[in-house]
Amino acid sequence: QLQVVESGGGLVQPGGSLRLSCAASGFSLDYHIIGWFRQAPGKEREGVACISSSGRTTKYADSVKGRFTISRDKAKNTVYLQMNSLKADDTAIYYCAADNSGDYYCEISRDEYDFWGQGTQVTVSS
């Protein structure tokens with residue numbers, strides 16, 4: 001019933017930018033936290049960023065601070081991940097996820113989230 005769907009991935013050169021979208025359905029973002037995660041070949045899934053149910057608090061992994069920005073559009077019930085100054089190490093499948101426990105503040109931890117999208121591929125290469 002509760003679903004999130006990612007989109008916006010693609011191929012980009014180092015230093016370029018992409019904006020990923022996470023469209024939520026079956027629930028309002030006002031009552032759920034949203035997280036972005038990524039998984040590169042041979043590595044485990046890692047947290048990237050998250051946003052609180054109020055939209056006022058965000059957290060970022062150290063590896064993306066200053067380069068990535070998470071935001072939301074209340075009218076569209078969609079969360080975005082703006083990725084700038086992309087590096088080859090950013091290459092991964094990116095996932096968005098939502099919780100079902102009614103948390104207010106978010107954490108970048110897989111066990112905080114219950115509903116996961118299918119993933120969208122981001123490739124950074126020259």
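Since we're looking at a predicted model, the values are computed, not measured. Quick note: numbers below take in every heavy atom, side chains included, and nothing from hydrogens, waters or symmetry partners.
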Non-neighbouring partners of Y95 that pass ring pair (Phe, Tyr, Trp, His ring centres under 6.0 Å), sequence neighbours left out | none
Determine yes or no for a side-chain-to-main-chain donor-acceptor pair under 3.5 angstrom, with T120 supplying the side chain and G9 the backbone.
-> yes
So how far is it from I51 CD1 to R72 CZ, rounded to the nearest 0.5 Å?
-> 6.0 Å
Is a donor on one side and an acceptor on the other found under 3.5 Å between the side chain of D30 and the backbone of K74?
-> no
Are any side-chain N or O atoms of E112 and backbone N or O atoms of C106, one a donor and one an acceptor, separated by less than 3.5 Å?
-> no
Exercise: identify the closest heavy-atom pair between G47 and A61 = O-CB, 3.5 Å
Below 6.0 angstrom between ring centroids: does that apply to Y113 and F37?
-> yes
Taken to the nearest 0.5 Å, the spacing of L2 CG from F115 CZ works out to 4.5 Å
Answer with yes or no whether the side chains of D73 and T78 bring together a donor and an acceptor at under 3.5 Å.
-> no
Are side-chain N/O atoms of S54 and Y104 paired as donor and acceptor at under 3.5 Å?
-> yes
Kindly state each residue pair satisfying disulfide (SG to SG under 2.5 Å) with at least one member in residues 54-87, sequence neighbours excluded.
-> none
Would you confirm whether N77, through its side chain, and S28, through its main-chain N or O, come within 3.5 Å as a donor-acceptor pair?
-> no
Check whether any side-chain N or O of D90 sits under 3.5 Å from a backbone N or O of K87 as a donor-acceptor pair, and report yes or no.
-> yes
Can you tell me if S52 uses its side chain to pair, donor with acceptor, with the backbone of T57 under 3.5 Å?
-> yes
For residues 53-63, which residue pairs qualify under salt bridge (charged side-chain N to carboxylate O under 4.0 Å, His left out), counting only residues two or more places apart or in two chains?
-> K59-E107, D62-K65
Can you sort out the partners of S109 under side chain to side chain donor-acceptor pair (under 3.5 Å), two or more places apart, ordered by chain and number?
-> D111
Quiz item: cation-pi between R110 and W116, 6.0 Å / 45° = no
With sequence neighbours left out, which residue pairs that include part of residues 19-28 fulfil the salt bridge (charged side-chain N to carboxylate O under 4.0 Å, His left out) condition?
-> none
Closest non-hydrogen atom pair, S17 against S85 | OG-N, 4.3 Å
Does I93 offer a backbone N or O that forms a donor-acceptor pair with the side chain of R38 under 3.5 Å?
-> no
Donor-acceptor contact below 3.5 Å, side chain H32 vs main chain D99 | yes
Are the side chain of D114 and the backbone N or O of N100 linked by a donor-acceptor pair below 3.5 Å?
-> yes
Heavy-atom closest pair, residues S126 and P14 = N-CD, 3.7 Å
Among pairs that include at least one residue of residues 7-36, which meet disulfide (SG to SG under 2.5 Å), considering only residues two or more places apart or in two chains?
-> C22-C96
